[in-house]
Undergrad: 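What follows is a structure written as structure tokens; I'll ask about it next.
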Amino acid sequence: MQLAIQLIFSQVGIDQIIDTGTVTSQSVAEGWDKQWLDLLQNNTSNNLYGSLTNLGIFFAVGTLLFFMIQFLRDLISYEYSRPISALIWPFIVVVLLSNSGKGSILSNLTLGVRNFLNTVNQQVLVTADANKTYQQALNMSIAEEVAGSFLRPCQSLTGEQQSQCFVKAAEKVNVLWQKYRNMYGNKSWIIRLQNKVDNIRYGTGIVSETSFNSLLGSTVQTSIKSFLVSLQYAFQNLIEASMLLIAALGPIAVGGSLLPVAGKPIFAWLTGFLSIGIAKISFNIIAVLTAAVIVNGPGQNANVDPDLMWFIIFLGILAPILSLLVAAAGGFAVFSAISNTASLVKERI
């Protein structure tokens with residue numbers, strides 16, 4: 001996503017732009033991984049997670065009084081049958097909140113679930129995006145703006161100055177087309193865009209505003225596209241931040257699970273964590289499938305000149321909303337399943 005933003009606003013070398021975009025994407029992913037390890041495994045006796053674990057233990061001790069009151073009431077009412085099954089909760093809380101300084105069982109389990117969700121997400125991306133359809137569709141959507149950043153300064157010139165400006169701009173744009181061909185092959189959409197640039201470059205007389213706008217779009221549209229690309233990039237980082245926040249609050253949810261209530265906080269916490277993972281996977285599936293529609297449709301026809309603004313709007317606004325709705329529905333189903341399973345186990349033990 002950073003690649004697209006830099007392509008639109010920076011007019012540096014193409015090699016530097018593409019390399020910088022790749023490194024930035026990798027560094028963001030590695031940065032989140034390091035943050036997870038620092039929070040959940042490294043020196044958890046003294047870091048933020050250790051403090052929250054101590055707070056969870058404080059909650060567990062405080063709610064233990066309510067648990068014992070309910071336990072004694074059940075002992076009198078059910079004559080040992082039901083209270084025995086309830087004794088598992090103090091045991092679970094003690095085990096999960098035991099902190100050795102290199103991560104508690106809860107932190108290791110949380111990190112393991114996060115790694116599992118990331119593995120599933122990566123498998124989805126590798127399987128569905130085998131031909132780099134998402135990246136290709138995004139480049140199709142912003143390629144005209146990229147070319148426009150090189151060609152637009154030539155519009156205010158005339159005569160020989162404009163011709164020389166077109167020559168220099170075309171050289172930069174041709175490097176971009178070659179980069180696209182190296183990544184995706186000689187696709188029809190690359191040929192179409194190159195022909196449009198060549199028509200402007202080799203046209204006679206002063207190039208009209210209409211001719212420029214047909215290729216470049218307006219400055220407002222360019223700004224909107226860059227904003228929406230940044231928006232969906234921010235959404236992906238928000239997903240990561242939300243997962244990390246929910247993971248950090250795990251000890252508090254575990255500590256409050258001794259309360260004698262039907263819906264245990266640990267179930268709500270686990271549901272929230274899994275829901276964020278579902279949102280992450282759903283967003284990527286939506287993005288890849290929509291990108292495939294573009295690449296396999298108008299991207300294969302050199303005579304079609306589609307307006308792909310809808311794709312950027314979809315990625316920046318509609319896809320995040322849809323993925324959150326799917327996650328909410330999935331989270332409700334997960335919470336119901338966990339609650340029903342817990343009730344069934346409680347009745348059988």
Side-chain angles (χ1 to χ4, degrees), residues 1-26 125-154 163-203 207 211-217 221-222 225-226 229 232-233 284 287-312 315:
M1 303 311 103
Q2 286 290 92
L3 171 60
I5 301 168
Q6 292 173 2
L7 281 172
I8 294 174
F9 289 104
S10 302
Q11 295 189 18
V12 296
I14 298 299
D15 287 332
Q16 181 181 353
I17 292 173
I18 293 178
D19 292 342
T20 301
T22 304
V23 172
T24 300
S25 178
Q26 293 175 350
L125 291 176
V126 171
T127 303
D129 199 26
N131 297 320
K132 298 181 179 179
T133 53
Y134 175 72
Q135 183 186 28
Q136 189 176 166
L138 188 61
N139 279 322
M140 283 178 61
S141 303
I142 56 94
E144 292 189 1
E145 277 71 19
V146 176
S149 66
F150 297 117
L151 291 172
R152 189 173 289 113
C154 303
S163 299
Q164 292 299 322
C165 180
F166 281 151
V167 171
K168 294 180 181 179
E171 290 175 354
K172 297 178 181 179
V173 176
N174 285 337
V175 174
L176 178 64
W177 300 150
Q178 188 58 46
K179 287 293 181 181
Y180 283 160
R181 287 189 172 93
N182 292 340
M183 288 189 292
Y184 313 122
N186 194 27
K187 298 294 184 179
S188 299
W189 63 271
I190 302 176
I191 298 174
R192 172 177 57 81
L193 292 175
Q194 185 173 17
N195 290 336
K196 293 178 71 173
V197 173
D198 289 342
N199 289 337
I200 291 180
R201 176 186 175 185
Y202 298 113
V207 180
S211 299
F212 262 88
N213 287 339
S214 66
L215 172 64
L216 311 179
Q221 180 172 316
T222 301
K225 280 190 176 182
S226 63
V229 170
Q232 63 95 19
Y233 181 72
N284 288 322
V288 170
L289 293 179
T290 308
V293 173
I294 295 175
V295 172
N296 297 327
Q300 301 294 331
N301 191 341
N303 298 320
V304 175
D305 189 11
D307 182 7
L308 297 181
M309 185 67 182
W310 71 268
F311 178 63
I312 303 297
L315 286 182

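Counting from 1, the numbers follow the sequence of the chain as shown.
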Undergrad: To the nearest 0.5 Å, tell me how far Asn186 CG sits from Gln178 CD.
TA: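 If we round to the nearest 0.5 Å, Asn186:CG and Gln178:CD are 9.0 Å apart.
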Undergrad: So Glu171 and Val167, do their side chains get closer than 4.5 Å, heavy atoms only?
TA: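 Yes; the side chains approach each other to less than 4.5 Å.
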Undergrad: From Asn139 CG over to Lys179 NZ, what is the distance, rounded to the nearest 0.5 angstrom?
TA: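 Atom-to-atom, Asn139:CG and Lys179:NZ are 13.0 Å apart.
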Undergrad: Grab the two heavy atoms, one from Ile190 and one from Gly185, that are nearest each other, plus how far apart they are.
TA: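 Scanning both residues completely, I find the closest heavy atoms to be CD1-O, 3.5 Å.
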Undergrad: Which heavy atom of Gln136 sits nearest to which heavy atom of Trp189, and what is that distance?
TA: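 The pair with the smallest heavy-atom distance is OE1-NE1, 3.0 Å.
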Undergrad: With side chains defined as the heavy atoms from C-beta onward, is the minimum distance between Leu315 and Thr290 less than 4.5 Å?
TA: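 The answer is no; the side chains never approach within 4.5 Å.
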Undergrad: Measuring from atom CE of Met183 to atom CD of Gln135, what distance do you get when rounded to the nearest 0.5 angstrom?
TA: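 Output value for this atom pair is 5.5 Å.
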Undergrad: Do Leu176 and Gln194 come within less than 4.5 Å of each other through their side chains, counting heavy atoms only?
TA: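 When only atoms from C-beta onward are counted, Gln194 and Leu176 do not touch, as no gap falls below 4.5 Å.
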Undergrad: Show the nearest heavy-atom pair for residues Phe311 and Ala287, with the distance to one decimal.
TA: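 So the two residues come closest at CE1-O, 4.4 Å.
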